[in-house]
Enquirer: 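Here it is, the structure, as structure tokens.
Scope of the values below: all heavy atoms of this structure, side chains included, with no hydrogens, waters or symmetry mates. Chain identifiers are assigned alphabetically (A, B, ...) following the order of the sequence lines, protein sequences preceding nucleic acid strands; residue numbering begins at 1 within each chain.
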Number of protein chains: 4
Amino acid sequence: MYGWSEKKQRIVQAAMEVFSRHAYHLVKMEDIAERAGVGKGTIYEYFCSKDELFLAVAQAGSRLYLAELAAAVSAGQNALEKLRALFCQHLSFVEKHADAARLLAGDRRPPHPDLLQAMLEGRRQLLLLVGGILEEGVKTGEFRELEAAVTVHALTGALTALWAAVLLGELADRDREQVAQTILDLYLAGLAGARPGPGEQ
Amino acid sequence: MYGWSEKKQRIVQAAMEVFSRHAYHLVKMEDIAERAGVGKGTIYEYFCSKDELFLAVAQAGSRLYLAELAAAVSAGQNALEKLRALFCQHLSFVEKHADAARLLAGDRRPPHPDLLQAMLEGRRQLLLLVGGILEEGVKTGEFRELEAAVTVHALTGALTALWAAVLLGELADRDREQVAQTILDLYLAGLAGARPGPGEQ
Amino acid sequence: MYGWSEKKQRIVQAAMEVFSRHAYHLVKMEDIAERAGVGKGTIYEYFCSKDELFLAVAQAGSRLYLAELAAAVSAGQNALEKLRALFCQHLSFVEKHADAARLLAGDRRPPHPDLLQAMLEGRRQLLLLVGGILEEGVKTGEFRELEAAVTVHALTGALTALWAAVLLGELADRDREQVAQTILDLYLAGLAGARPGPGEQ
Amino acid sequence: MYGWSEKKQRIVQAAMEVFSRHAYHLVKMEDIAERAGVGKGTIYEYFCSKDELFLAVAQAGSRLYLAELAAAVSAGQNALEKLRALFCQHLSFVEKHADAARLLAGDRRPPHPDLLQAMLEGRRQLLLLVGGILEEGVKTGEFRELEAAVTVHALTGALTALWAAVLLGELADRDREQVAQTILDLYLAGLAGARPGPGEQ
DNA sequence: TATGAATGAGATTTCATTCAT
DNA sequence: GATGAATGAAATCTCATTCAT
């Protein structure tokens, strides 16, 4: 991605903006070309099909997201800090990269069956990242014994749903930190438990 | 929906099967007609466009889901039971109605911008249902004080993610009850808390 | 036409109303059926195709027109009277049978090439009728020597154009008799000649 | 029309040839494309719909006709000469531009109601042109007092009918000049009057 | 390399016609 | 005879893709 020419970058950026706002079949190559400020044929210098372009865009978004997330998480010293970093970074991302978030939260189904595996790759990475945090927490005793392989879905599902809520403006009046804290409390203490005091966090 | 003719039902059923397996633009009206065992033109006797058919299918799936969910939830005597019913019924649904679940978990983006509001209706209903459980639990003291408007997204997000996991076969080896229990534990006691004993459940 | 059942008549009448107002390809068999108050399939009990129905309608209109015209003309005692009757009756027709007039003045091209000859039949009849008047007038000396085969087109063309003008409302403020007289004057005396006195008419 | 690209011209030309020979609904876009030697999609680069193409063709024919007619007429020194020029040029046109004439003499009804006004424009222009000749003639005393608003329809109707006759081969054996002279005599001297001597013409 | 005019496969949709009732 | 639900051939129009410039 970093070796990409400036023009290729422009095309991907434009495509992300368009694909994130409209369903795949409503997006015309010409729309993307226009927004990128290049000719329609130029796109085909860099991508051999609309499908491939979509995949590239989805993967670019996915990689950007995962890179930022992984970086933030890895800065945490323990599972708890990592979990907090996960939620905070995740919520930051949707603000900085609304288009990418909209794309990643949107169509799950690939535009062509052949791309299914490629489009599931990002999901796998995220499950690994979150699963890793869970397992680390269990190992260190920060978290109780739990079934990481199931729990991980609850956590990643929450992430996606938070993006959707933000993008639909349903959390527009809320502070990001406050939202992250609320979610963190939920997953740490549960619905029934007392809110942990500041010292425990 | 119950006043629909048998043929309309067949068409919706066929459309759900096809739309749930392939992206909107990959689905041809002819595919649906063929699967429904009717002529292509017959679909247009009942739906004026592909868009409208898709919407009808999405709404049929959504209504079916919400009806089953609401029925199960309302049988619970308190918030805790309702939450358990929510997860159990949700996981049952994906087994009985894999197509509907695949459709509801799939495309978030409407095939045409005009349909956005209609397609968000099901989401609103679900948020109300889950939000209601949370608020009831807080009122009765079953749950601690919490921000229902934020928490609700974590819960609904988990639901969707569980479907995705099931549909991708990632939970194929797990018992549904066990999964529901794991999730329930997570949301009741949190990651840090001790697993509640049987008496507390 | 007189042996037609009442239902066939209703269908032809409805078809005339619709075909006279909209281009052939904009008219749906269902429109006609609805206006006739019969089922769509019923039309096919009487006519085997849309083409044939159109032809029947055109011919019905044509026959009605020619019959009325011929009757009026034949009442004239000489060519001059016949010519006057021609114009008067022609202008009456568009008032009494606006739909038929609109149809006859409208599409010249048949909806299918095979129908060309049939649709030219009415035209031939009209040319014969008008040509006959001319030849009679020449023979009796009422009219000067002239080329009937050419002149006849000028006269019939005027007829059609007058209908068009009436149907477009361009002669709405004029009395029919006055219009007929003006046209008659034109053809009798020409543009340059003096208006013939009443005794000459 | 003169700024049109060569390809657009080809398309209009091909469309005129096809539309002039077959009813609107029998003409397929592919027929036009094939005759123009372009791809089907290429037509849509220049015209957004079949309707619009038809309108463009009709207007192109109409403009060509009116331009040639107006030029010929304006060369006449007086009303009489103008009237003669009108008939001569009119008859020339059908020989040089049989397709355009066939189209203009054919369907009066627009393929879509919305196009009615646009398609009546040419008619209006012709009525103005002919009406102007009549009024000039009356003013200069070349013609007697007459109702131009009515008479004009007789003249334009004759024009159309002459085209029809020519296109149907009914005047195939006649010399154009002779036909024009016959018609001119009719309108100048009438049916009853003596044929004007050469000096009067 | 960059372009966009040209293309035509392929999609949706219409509607004349059929035929079981 | 009368009906209208069902049909599928066929039309318009779109748009991903190509390729001459």
Enquirer: Reading DNA chain F 5' to 3', which nucleotide is the first, and which the last, to come under 4.0 Å of any heavy atom in chain C?
Expert: F/dG1 to F/dA6

Enquirer: Where do A/Pro111 and A/Asp51 come nearest, in terms of heavy atoms and distance?
Expert: CB-OD1, 3.7 Å

Enquirer: For F/dT18, what is the paired nucleotide under Watson-Crick or G-U wobble rules, both distances under 3.5 Å?
Expert: E/dA5

Enquirer: Taking all atoms of both residues into account, what is the closest heavy-atom pair of A/Val57 and A/Ala15, and its distance?
Expert: CG2-CB, 3.5 Å

Enquirer: Heavy atoms only: give me the nearest D/Ala23-C/Arg109 pair and the separation to one decimal.
Expert: N-CD, 3.2 Å

Enquirer: What does F/dC13 pair with, Watson-Crick or G-U, if both distances are under 3.5 Å?
Expert: E/dG10

Enquirer: Can you pull out the residues from residues 44-52 of chain A that lie within a 4.0 Å heavy-atom distance of DNA chain E?
Expert: A/Glu45, A/Tyr46

Enquirer: As a quick check of understanding, evaluate side-chain hydrogen bond (donor to acceptor under 3.5 Å, both in side chains) for A/Glu121 and A/Gln125, giving each step before the final call.
Expert: CA-CA 6 Å; A/Glu121 180 56 25; A/Gln125 301 277 343; 2.7 Å; yes

Enquirer: Determine, stepwise, if the pair D/Met29 / D/Leu53 fulfils side chain to side chain contact (heavy atoms under 4.5 Å, CB included).
Expert: CA-CA 10 Å; D/Met29 293 303 267; D/Leu53 174 58; 4.2 Å; yes

Enquirer: Provide the closest heavy-atom pair for B/Cys48 versus B/Glu52 in the form atom of the first, atom of the second, distance.
Expert: SG-OE2, 2.7 Å

Enquirer: Classify the ring geometry between C/Phe54 and C/Phe19 as parallel (under 30°), tilted (30 to 60°) or perpendicular (over 60°).
Expert: perpendicular

Enquirer: If you compare all heavy atoms of B/His22 against all heavy atoms of B/Val27, which two are closest, and at what distance to 0.1 Å?
Expert: O-CG2, 3.7 Å

Enquirer: Which residues in residues 25-42 of chain B have at least one heavy atom lying under 4.0 Å from any atom of DNA chain F?
Expert: B/Val38, B/Gly39, B/Lys40, B/Gly41, B/Thr42

Enquirer: Between A/Glu17 and A/Gln13, is any side-chain donor less than 3.5 angstrom from a side-chain acceptor?
Expert: yes

Enquirer: Determine the minimum heavy-atom distance between A/Gly122 and A/Ser62, stating which atoms define it.
Expert: CA-OG, 3.4 Å

